[in-house]
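To start, the structure under review is shown below, and the notes come after it.
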Amino acid sequence: MVLGLQQFVERVGDGSGQPRLDADAGEELMHVQPGVAIVLGGRPPESPGTLYISTKRVVWLSDADRAKGYGVDFLSVSLHAVSRDPETYPLPCIYTQIETEAAEDEESEGSDSECGQDVELSKVTEMRLVPSDPSQLDTLFDFFCQCAELNPEPHEEAEEENSWVFGDEDMADEGSDSEWQPSENLANPIGYANGNHDLAHQVLELQINDQRFEDAEEVEHESEGVRQ
């Protein structure tokens with residue numbers, strides 16, 4: 001996946017059309033909001049267009065120019081909020097921060113890139129969506145939240161896949177001290193690791209040492225019984 005704002009011109013249908021969705025990947029349209037101006041970085045608002053929120057991304061398409069449109073995946077949207085403070089921006093809007101690959105090399109998108117005639121989309125780190133009807137801001141924000149939850153960070157999914165639980169039964173291997181395996185019986189868990197394998201190893205090692213200590217005590221008691 002490519003991070004950042006992308007040009008989007010794939011439309012279907014007559015008139016201004018609608019964005020072509022990736023149906024094979026399960027993308028579905030969630031909300032359509034007409035009469036929305038878009039502001040990229042510190043530039044002036046562009047002519048109003050239509051905002052489309054899908055399960056995967058946010059797409060803005062110009063009503064006046066069929067060849068103009070922008071799209072950004074929710075995985076690239078690092079922050080979204082409702083802005084009504086006129087000192088921050090003169091018009092009520094949805095404010096978003098966009099994670100870009102270029103931002104890793106340059107600390108700011110800089111006035112150099114945004115003061116030019118053409119916007120370098122790969123360097124745009126802020127986007128404002130200004131609806132002609134400010135009463136729709138809360139609705140737009142709710143859809144942003146819903147769709148953002150459908151697109152968790154990849155590392156969060158990996159942590160969930162690496163999560164595992166082990167039990168305290170069947171720790172011994174028929175008297176062998178050399179191999180100790182986590183139990184497959186999950187009814188009585190003693191440790192949980194969410195991507196933290198060091199912690200799980202420490203818990204497992206503690207359980208093993210406790211078991212060996214109990215075995216040593218039994219042997220000692222048996223020896224004393226023989227001597228008596």
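- Taking 4.5 Å as the limit, some side-chain heavy atom of M127 sits within range of a side-chain heavy atom of I98.
- For the side chain to side chain donor-acceptor pair (under 3.5 Å) test, no residue two or more places apart in sequence or in another chain qualifies with Q7.
- In the hydrophobic clustering (ILVMFWY side chains linked at under 4.5 Å, chained through shared members), V9 stands by itself.
- Take R128 and apply the side chain to side chain donor-acceptor pair (under 3.5 Å) test, not counting sequence neighbours, and it matches no residue.
- Taking the side chain as every heavy atom from C-beta outward, L29 and L21 approach each other to under 4.5 Å.
- Residues forming a side-chain contact (heavy atoms from CB on, under 4.5 Å) with P48 (at least two apart in sequence, or on another chain): none.
- Applying the side chain to side chain donor-acceptor pair (under 3.5 Å) rule to S62 yields no partners; only residues at least two apart in sequence or on another chain are considered.
- Side-chain contact between L137 and R84 is present, with heavy atoms from C-beta onward closer than 4.5 Å.
- Under the rule for a side-chain contact (heavy atoms from CB on, under 4.5 Å), D14 has no partner lying at least two apart in sequence or in another chain.
- Sequence neighbours left out, the pairs with a member in residues 2-53 that pass ring pair (Phe, Tyr, Trp, His ring centres under 6.0 Å) are H31-F143.
- Residue pairs meeting the salt bridge (charged side-chain N to carboxylate O under 4.0 Å, His left out) criterion with at least one member in residues 21-31, sequence neighbours excluded, are E27-R57.
- In this view, Y70 and W60 satisfy the ring pair (Phe, Tyr, Trp, His ring centres under 6.0 Å) rule, not counting sequence neighbours.
- The salt bridge (charged side-chain N to carboxylate O under 4.0 Å, His left out) pairs that include a residue from residues 30-40 number zero, where partners must be two or more places apart or lie in different chains.
- The side-chain contact (heavy atoms from CB on, under 4.5 Å) search around R20 returns E10, V12, not counting sequence neighbours.
- By the side-chain contact (heavy atoms from CB on, under 4.5 Å) test, Q136 is found to be paired with Q33, D133, T139, residues two or more places apart in sequence or in another chain being considered.
- Q97 and Y95 form a side-chain donor-acceptor contact under 3.5 Å, judged by distance and modelled atom types alone.
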